[in-house]
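Notes for the one structure printed next.
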Amino acid sequence: MVDFNKIAKKWQKKWEEKGIFKVKEDSKKKKFYCLEMYPYPSSTLHMGHLRNYSLGDALARFKRMQGFNVMYPMGYDAFGLPAENAAIKHKVDPEKWTLDNIDKIKEQQKSLGFSYDWSRQIQSCTEDYYKWNQWIFLKFYEKKLAYRKNAVVNWCNSCGTVLANEQVIDGKCWRCHDDVAEKELEQWFFKITEYADELLRDLEKLKHWPKRVKVMQENWIGKSHGVEVNFKIKDTKKIISTFTTRPDTIFGVIALVFAVEHPMVFELIKGTKYEKPVLDFITKTKKRSMKERASEEVEKNGIFIGKYVVNPVNNEEIPIFVADYALMEYGTGAVMVVPAHDQRDFEFAKKYKLPIRVVITPKQYELKSEKMNRAYVEEGILVNSDKFNGMNNLDAIEKISKWMEKEKIGKRTVQYKLRDWLISRQRYWGTPIPMIHCSTCGIVPVPYENLPVKLPKNVKFTGAGNPLETSEKFVNVKCPKCAGKARRETDTMDTFVDSSWYFFRYCSPNEAKLPFDKKASAYWMPVDQYIGGIEHAILHLLYARFFTKALRDLGLTNVDEPFSRLMTQGMVIKDGAKMSKSIGNVVDPAEITGKYGADTGRLFILFAAMPEKELEWNDKGVNGAYRFLNRIYNLVNDNIKDISLDSYVKDKLNEKDKFILSKMHSTIKNVTENIENFKYNLAIGKIMEFVNALQKYNDKNKAVFGECAKNLVLLLNPFTPHISEELWSDLKLKGFASLQKWPSYDKSKIDEEAEALEDNLERTKKDIYSVIELAKIKKPNKIIIFVAEAWKFDFIRRLKGELGKTRNLGEIIKKFAKSDLSIYIREISKIAPKLVKDETKLPKVIVGRKKEIEALKGSLDNFKQEFGCDMEIVDGKSDEQKAKQAMPGKVAILIE
RNA sequence: GCGGGAGUGCCGGAGUGGCCAAACGGGACAGGCUUAGGACCUGUUAGCUUAGUGCUUACGCAGGUUCGAAUCCUGUCUCCCGCACCA
């Protein structure tokens, strides 16, 4: 067995010594920016990483060999909670802990032979990186894209910090899965909503993003068109506005509900007998955890507040409620209740015995409110709606909206589900927010020249509260404006801020005056291929898009979208479940690569499944990949004396040589196309087929075999670079295989039929040539080939060598009819009309199954007349003799 | 509920109208090589058969279109994923 580990080390060393993967901007070359989502530096790589990088490296190598100027960088998402938890638990410095991990993980990555340009490495926890987070923050602040507000926030008790909406999953923390509580705090936000519309619109530009990611983002942004309707509170001048997407149901409104947080509630109940019960209700509702509110089939609760509003379209007085199913964050925090046509309102009305008024009825029958057991939400005709009666409700949406605008009782608006991004975190290990609180001047930004605001070292990690607050030196500062005593902001930024622009930084990792050099980023950006997990479909990918647009508006870049192509890889699972320590089905990549070598691990993980699908880990499959690599190694080395690198003489090629060359060209073609479509598993399958064919190639033409071997080695490079380099040097070829030109193919050399034929013959062991050879030996006067199925023409076509590439059956039949071949066609009815009349020689007898014969009879009569052929139809089962005579087989010969 | 996607041989997984009983790999079986082998090589691997081509049944289930369907259409079942009281 070959020592693949030794080979891997040898070439990794050589690559590094020569620095062959370093790149510079080069306006003469077409660029290709290949990027994987940079990892969080935990101490070891897992299978997901191996898969991610194997996918990316294969593409980077492929593009490099195709002549692109490929930037393929790696870095580390180095801020974050685990470092801080390690500090609390093991009393280690988060920085040291993180940097140590980076070293470990980097070493593993290197041992896998990925072709990164390590000179571009970045890590988000170093000053020269996070300084620019702060710089960007200040710019955002100036543009009012960063702001502070008091808000009800998602608070994770176990992490002791605030979470963004995107980080709350089913009412639980995305990181520790603990229940999330609500808390009111003053926090920093980024105004992502400013870009809501563009973020939505530009999804269309992302032609090469997976549909589901786009759909998820679309749903997350959640744009809906509707009308803001103003209701006047009875006996006052106060106006309450509500948002609805269904203005067509306006005449069916029978109540109004407020969210429990709605500020107007307190004014309205103050001093009334409703004050106490309503406040009780509000407190009770607020106490219920997020989880409870998010759970399914929640009963709708509410309470009447003793006031009424006037429906502006019909001047009806309707009651106001406070209810738990109205959300303060969406719309205006007040909802008009239309029980007949909204399921939630329906449930609410049933519970509190409110009237149900039908305003839309199906065309087929009349909807009766007392018979309804759920809301009617389908299309219909308006009723009980004054002058809009009889109108289709879809038309009515438009008409009523216009009318309300004219009457000044409503205004058409657009609503989004997307909320601003809460970036404050009460943690130590993150980018300090560069702000200062001064009792006289208020909030004052840290001047640019004072950046970075460095993370202090003298902090205590107790596990309670924000560690930054324990550093007096950090907290107590002078106000930059008045030089008076002031307090530094102790919130740090969400780590998703770091990852929202790191791909720009790679373009100029040492840039000192700006976050990134404009020229360099203009050359490299956007990222041509981004690869990562689907779990970032919303969080990271939305934030990165937002940042790109915001940075563009700051004049730092011209690109609108950061990632042209996105590939979301599937998970690696084992025994039907995601690999996890708790289940105990984890396979450590290091174990595999240690045993079989890096190439084997990479090959298997690429071959086992389509990249975007789940990959079922299979130890035996790994062994298969290992055997395959051994086979290739031996194929080259055992035949090394049969290999010549001279070019071959075309005239001296025999059928076998031509065949293997055809196979070579078609393999290059297929592998190239499959890589371009991210179908690495199929590309590898094709290489395997080629290797199988090469192994069967006897009486080798040395030059032909040499060319095949050379190209094989190059085709392998993206997947198994080490063995590729080794074989390249075994072949006594110069330079690095990794830097060679990607093999090209010659379409004209591909003989698909020969290959298909070869396959068939291989399988049946019945070489059609040998049939002919046999016939030749017997010297027949006439060869009749009977063909049962249309596709078999291709066989004959090949044999006769007298037809072009036509796939037109009629054309083929015509040709053969002229020759001395007789043809049997089972499915004659459709083909017949296409035949040309004269000189047609068709079989005298047609055989088929009963069913088919019945079907044929009609068309046959026409056929006979038209062509003057004499034919009869025989049932193969009942008239065996005739049948055998006519159709002894699919491809058979009759020797006379 | 809304939205996305998937159902193929013993297994993983290709295949989107005819070179399809279905690539490639794994597994199993038989044989060879070997002291031996988990190493390598050859063959078989839906069923029935043949000297050989063949026939039958198959790509979740049920229909349909077509000369012809795993592939297109309709219905249906199952599974996975995302969002979820968004007015």
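Keep in mind the model is a prediction, meaning the values are calculated, not measured.
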With a 3.5 angstrom cut-off on both distances, give the Watson-Crick or G-U wobble partner of [N], or none if there isn't one.
N     : value
B:G7  : B:C77
B:G47 : B:C55
B:G1  : B:C83

Could you run down nucleotides 24-31 of chain B 5' to 3' and tag each one B, S or - for protein heavy-atom contact under 4.0 Å?
BSSS----
Between [atom2] on [N] and [atom1] on [X], what's the gap in Å once rounded to a whole number?
X        : N     : atom1 : atom2 : result
A:Tyr596 : B:A39 : OH    : C1'   : 13 Å
A:Glu535 : B:C81 : CD    : C1'   : 13 Å
A:Glu228 : B:A87 : CD    : C1'   : 12 Å
A:Asn630 : B:C40 : CG    : P     : 7 Å
A:Asn219 : B:G1  : CG    : C1'   : 13 Å

Looking at A:Glu204, I want to see if its CD is surrounded by more than 12 non-hydrogen atoms of other residues, nucleotides or ligands under 6.0 Å.
no
Listed partners of A:Tyr596 passing side-chain hydrogen bond (donor to acceptor under 3.5 Å, both in side chains), at least two apart
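Expected list: none.
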What residues, two or more places apart in sequence or in another chain, satisfy side-chain hydrogen bond (donor to acceptor under 3.5 Å, both in side chains) together with A:Lys350?
none
Counting side-chain heavy atoms from C-beta on, which of B:A23, B:G4, B:G13 comes nearest to A:Arg212?
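Looking only at heavy atoms from C-beta outward on A:Arg212, the closest nucleotide is B:G4.
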Side-chain polar contacts of residues 676-684 of chain A - donor-acceptor pairs under 3.5 angstrom, sequence neighbours left out - could you list them?
| residue | atom | partner | partner atom | Å |
| --- | --- | --- | --- | --- |
| A:Asn677 | ND2 | A:Glu673 | O | 3.1 |
| A:Tyr680 | OH | A:Leu55 | O | 3.2 |
| A:Tyr680 | OH | A:Leu59 | N | 3.4 |

Within the structure shown, what part of the strands sits under 4.0 Å from A:Met336 by heavy-atom distance: base, sugar-phosphate, or nothing?
nothing
A:Tyr416: what forms a ring-ring contact (aromatic ring centres under 6.0 Å, His included) with it, not counting sequence neighbours?
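With neighbours one apart ignored, the set is empty.
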Below 4.0 angstrom from OP1 or OP2 of B:G5, is there any side-chain N or O of A:Lys613?
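Looking at the OP1 and OP2 atoms of B:G5, neither is under 4.0 Å from any side-chain N or O of A:Lys613.
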For A:Glu612, check side chain to side chain contact (heavy atoms under 4.5 Å, CB included) against everything at least two apart and list the hits.
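With sequence neighbours excluded, A:Glu612 shows a side chain to side chain contact (heavy atoms under 4.5 Å, CB included) to A:Met567, A:Met610, given in chain and number order.
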